[in-house]
Amino acid sequence: MDTSTQTLPDRDATQELGERIRQADAEGTPLHIIGGDTKAFYGRQVEGQALSTREHRGITTYDPVELIVSARAGTPLAELEATLAEQGQMLPFEPPHFGAGATVGGMVAAGLSGPRRPWAGAVRDFVLGIRMIDRHGRSLRFGGEVMKNVAGYDLSRLAVGAQGTLGLVAEVSLKVLPRPAARHGLRLPMSREEARQRLAEWGRRPLPISAAAWQDGALNLRLEGGAGSVAATRREFGGDDLEDDYWGSLRELHLPFFDGTDPRPLWRLSLPQRAQLDIEGLDEDAMLHDWAGAQRWLKSDLDAGTLRDGVTRAGGHATCLAPGAAEPFTPLAPPLVKYHQRLKAELDPHGIFNPGRLYGGL
């Protein structure tokens, strides 16, 4: 049976997961933590004993008035979003699924955000607290269920994007927001440079823009907010209507730009919005510029070192999403390596949690 679509009952598997982890730590057995496995392509491959979170699932608390929800790691992301939608609410950071089986734990571990990220914030910005199972099998709580939490070591934020290398994220509490009253997509034909200038100008005004991507000679915009504000901006900007599923297809990497007919590696470049790249052989007009230019998608055979050097000079970093990439992420500077190693040694001295998923030795 396809477990990605199978409906399972809510269940607290903390005790079973804790016992598996405690035993693995005692034996020094590496664990490969798996949720829906929809983001297996993101990061380095892990050699270890599979530890599934799928049965540790369920929404544990939800307060629509306070805009707070908590869910266990194996809860399907689609189930959480459907529950929020019933109350007219959403996850503001618009996380990608990359498959029907995506889970809440995988969302936190990957730390990826969708097209709304520059205007609403990233996953980390909306995590209020987590419950993590440590190497001793203990269930520990970090953070809380309020936005202002300054007490203690904020491991809840560090766990976002850590790819499960610090411990098993068993439960997460999140801040949610109301869904916008109105939404409309626009396609405005213009050059990349004109789009850059327009976005800089519009950024100084209180306009209802919630997504902006330039590709193939056109700037695509999503307007969200009050009905009057969206309608007024549509009249001012003009342009053509954009198909409703464009932003979901971009978030899930389903646009034609990402299809498999081009065998070259797919790169994600994270940069300052207005950064100019000076890399020989790189054609920026052939790229897809998301996040108003802060996230740029590229299909290229350029040497990884050459590409990363140029992106680093521009103030960013480059991630390779090609399956099996030897170094998916930009190598860390030596001082950062030291901090990562010290944190890993403190939380996971035997290296059992997703060893090597982020960087070699971590």
Side-chain angles (χ1 to χ4, degrees), residues 64-69 77-78 80-97 112-123 125-126 147 174-258 273-274 285 287-297:
V65 176
E66 294 296 329
L67 302 173
I68 293 172
V69 67
L77 185 52
L80 173 60
E81 290 178 327
T83 299
L84 297 177
E86 290 175 358
Q87 298 294 326
Q89 296 176 352
M90 64 179 184
L91 297 173
F93 45 89
E94 207 171 357
H97 292 219
L112 298 173
S113 303
R116 195 182 288 110
R117 187 258 183 265
W119 291 269
V123 182
D125 301 316
F126 291 89
M147 284 300 289
L174 299 158
K175 182 76 172 181
V176 301
L177 289 180
R179 296 168 67 90
R183 172 184 298 175
H184 191 79
L186 292 177
R187 183 179 186 276
L188 308 173
M190 65 180 69
S191 69
R192 179 171 55 86
E193 185 54 37
E194 183 181 358
R196 189 191 304 269
Q197 294 172 359
R198 291 279 190 93
L199 288 168
E201 295 168 4
W202 293 336
R204 294 189 286 268
R205 298 172 54 192
L207 295 169
I209 297 174
S210 68
W214 183 91
Q215 181 189 9
D216 295 336
L219 176 62
N220 299 317
L221 295 176
R222 182 174 62 192
L223 308 178
E224 290 184 325
S229 177
V230 169
T233 306
R234 285 177 59 188
R235 289 193 296 270
E236 177 185 345
F237 286 3
D240 303 316
D241 291 344
L242 186 66
E243 56 270 23
D244 291 340
D245 63 349
Y246 175 84
W247 299 105
S249 297
L250 172 56
R251 180 192 69 210
E252 301 298 331
L253 308 185
H254 287 167
L255 292 176
F257 178 90
F258 301 104
Q273 287 184 346
R274 305 196 69 185
D285 284 340
M287 299 166 63
L288 194 163
H289 297 243
D290 191 12
W291 293 1
Q295 177 171 256
R296 306 178 196 179
W297 295 100

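Heavy-atom basis, side chains included; hydrogens, waters and symmetry copies ignored. Since the structure is predicted, the reported quantities are computational estimates derived from the model, not experimental observations.
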Review point. Met90 and Pro178: which non-hydrogen atoms are nearest, and at how many Å?
Key: CE-O, 3.7 Å
Review point. What is the distance from atom CG of Asp290 to atom CG of Leu250, rounded to the nearest 0.5 Å?
Key: 4.5 Å
Check your understanding: Quick one: CE on Met190 to CG on Leu199, what's the gap to the nearest 0.5 Å?
Key -> 8.0 Å
Review point. Quick one: which of Trp214, Trp291, Phe257, Phe258 gives a ring pair (Phe, Tyr, Trp, His ring centres under 6.0 Å) with Trp297?
Key: Phe258
Revision key, fill the gap. Nearest heavy-atom contact between Ala182 and Ala227 is CB-CA, 3.7 Å
Exercise for review: Walk me through it: do Leu80 and Leu91 pass the test side-chain contact (heavy atoms from CB on, under 4.5 Å)?
Suggested key: CA-CA 9 Å; Leu80 173 60; Leu91 297 173; 4.2 Å; yes
Point to revise | Flag side-chain contact, heavy atom, 4.5 Å: Val65 against Gln87 | key: no
Check your understanding: So, are Arg196 and Glu193 salt-bridged, with charged N and O less than 4.0 Å apart?
Key -> yes
Practice item. Kindly compute the distance separating CE (Met287) from CZ (Arg296), expressed to the nearest 0.5 Å. Key: 6.0 Å
Exercise for review: Could you check Ile68 against Leu174 for side-chain contact (heavy atoms from CB on, under 4.5 Å), going step by step and ending with a plain yes or no?
Suggested key: CA-CA 6 Å; Ile68 293 172; Leu174 299 158; over 6 Å; no
Revision key, fill the gap. Minimal heavy-atom distance between Trp247 and Leu221, with the atoms involved, is CZ2-C, 3.5 Å
Practice item. Take Leu288 and Leu255, measure what side-chain contact (heavy atoms from CB on, under 4.5 Å) needs, and give me the verdict at the end. Key: CA-CA 10 Å; Leu288 194 163; Leu255 292 176; 4.0 Å; yes
Review point. Any donor and acceptor pair, going by atom type alone, linking the side chain of Gln89 with main-chain N or O of Leu67 inside 3.5 Å?
Key: no
Check your understanding: Arg116 side chain to Pro92 main-chain N or O, any donor-acceptor pair under 3.5 Å?
Key -> yes
Exercise for review: Considering non-hydrogen atoms only, spot the tightest contact between Arg187 and Asp216 and give its length.
Suggested key: NH2-O, 4.2 Å
Practice item. Determine yes or no for a side-chain-to-main-chain donor-acceptor pair under 3.5 angstrom, with Glu94 supplying the side chain and Arg117 the backbone. Key: no
**Study point:** Minimum heavy-atom distance Arg251-Pro95, with the two atoms named
**Key:** CD-O, 3.6 Å
Practice item. Hey, could you give me the NE2/CG distance between His289 and Leu219, rounded to the nearest 0.5 Å? Key: 11.5 Å
**Study point:** Shortest non-hydrogen contact between Val123 and Leu112, atoms and distance
**Key:** CG2-O, 3.3 Å
Exercise for review: Tell me, yes or no, whether the heavy-atom count around Asp244 atom CG, taken from other residues, nucleotides or ligands under 6.0 Å, exceeds 12.
Suggested key: no
Review point. Would Phe93 and Asp125 count as a side-chain contact (heavy atoms from CB on, under 4.5 Å) if you check the C-alpha gap in whole Å, the side-chain angles of each, and the deciding distance to 0.1 Å?
Key: CA-CA 9 Å; Phe93 45 89; Asp125 301 316; over 6 Å; no
Revision key, fill the gap. Separation between CG (Leu242) and CG (Asn220), nearest 0.5 Å, reads 5.0 Å
Review point. Nearest 0.5 Å, what's the CZ-CG distance between Arg198 and Leu188?
Key: 7.5 Å
